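All values reported here derive from a predicted model rather than from experimental measurement.
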Amino acid sequence: QVQLVESGGGLVQAGESLRLSCAASGSILSINAMGWYRQAPGKQRELVATSGSRTNYADSVKGRFTISRDYAKNTVYLQMNSLKPEDTAVYYCNADLTYRSGTYDHRGDYWGQGTQVTVSS
């Protein structure tokens, strides 16, 4: 019913930039918030940035990453500048949204499949 598809990951050198995209599709009625999380090997998944009623960033990415949304396309972006090796992780898109299934509306938390970002030193 709902699908989040990410793109834009890859391998870059320290100091370079990447832009991630995530498009939500399905019978979506409204999106309350969208955001990005990441998980490095051996570590827990952590928040990177969210965009809803407020915009929030992890302290580690403030000033380097920018989250933005295209509300008409149900898409969220993450512009990542001045990348560091410690930014290496699988980046996951998240959406808190309401969708219709049959005659009922459902609100839930959905995740994309993840996209790998690798930053070499």
Is there a path from L4 to I67 through hydrophobic residues (I, L, V, M, F, W, Y) whose side chains come within less than 4.5 Å of each other?
-> yes
Can you label the angle between the Y91 ring and the F65 ring as parallel, tilted or perpendicular, going by 30° and 60°?
-> tilted
Rounded to the nearest 0.5 angstrom, the OG-CG distance for S25 and N74 is 8.5 Å
Closest non-hydrogen atoms of T98 and D105, given as atom of the first, atom of the second and distance, are CG2-CB, 4.1 Å
Tightest non-hydrogen contact, residues D96 and N94, listed as N-OD1, 4.3 Å
Once you round to the nearest 0.5 Å, how far does SG of C22 lie from CH2 of W111?
-> 10.5 Å
Is there a side-chain contact between L97 and Y110 (heavy atoms, below 4.5 Å)?
-> yes
Taking R64 for its side chain and S82 for its backbone only, find out whether a donor-acceptor pair lies under 3.5 Å.
-> yes
Closest non-hydrogen atoms of A89 and A40, given as atom of the first, atom of the second and distance, are CB-N, 3.8 Å
Measure the spacing between CZ of R107 and OG of S30 and express it to the nearest 0.5 Å.
-> 7.5 Å
Can you find a pair of side-chain heavy atoms, one from Q79 and one from L20, that are under 4.5 Å apart?
-> no
Determine, stepwise, if the pair K84 / D87 fulfils salt bridge (Lys or Arg N to Asp or Glu O under 4.0 Å).
-> CA-CA 5 Å; K84 304 175 180 179; D87 294 318; over 6 Å; no
With a cut-off of under 6.0 Å to the ring centre and 45° to the axis, is R19 in cation-pi contact with Y77?
-> yes
Decide whether a cation-pi geometry holds between R38 and Y92; the criteria are a distance under 6.0 Å from NZ or CZ to the six-membered ring centre and an angle within 45° of the ring axis.
-> no
Hey, mind stepping through S120 and V12 against side chain to side chain contact (heavy atoms under 4.5 Å, CB included) and telling me if it holds?
-> CA-CA 6 Å; S120 63; V12 297; over 6 Å; no
To the nearest 0.5 Å, atom CG of N32 lies from atom OG of S51 at 11.5 Å
Between Q116 and V90, the two heavy atoms sitting closest are OE1-CG2, 3.2 Å
Can you check whether K73's main-chain N or O pairs, donor with acceptor, with T75's side chain at less than 3.5 Å?
-> yes
Would you check if there is a donor-acceptor pair between the side chains of E86 and T88 at a distance under 3.5 Å?
-> no
Is there a side-chain contact between L83 and E16 (heavy atoms, below 4.5 Å)?
-> no
Closest contact, heavy atoms only, A24 versus M34 | CB-CE, 4.3 Å
Trace of the side chain to side chain contact (heavy atoms under 4.5 Å, CB included) decision for T55 with T50 = CA-CA 6 Å; T55 298; T50 60; over 6 Å; no
Minimal non-hydrogen separation, W36 against S21, with atom names | CH2-O, 3.6 Å
State whether the number of non-hydrogen atoms from other residues, nucleotides or ligands found under 6.0 Å of Y104 atom OH is greater than 12.
-> no
Just by distance, do the side chain of Q13 and the backbone of V119 share a donor-acceptor pair under 3.5 Å?
-> no
Would you check if L78 and V48 make a side-chain contact, meaning some heavy-atom pair closer than 4.5 Å?
-> yes
Distance from H106 atom NE2 to L29 atom CG, nearest 0.5 Å?
-> 10.0 Å
Go through the side-chain N and O atoms of N81 and S17 and say whether any donor and acceptor fall under 3.5 Å apart.
-> yes
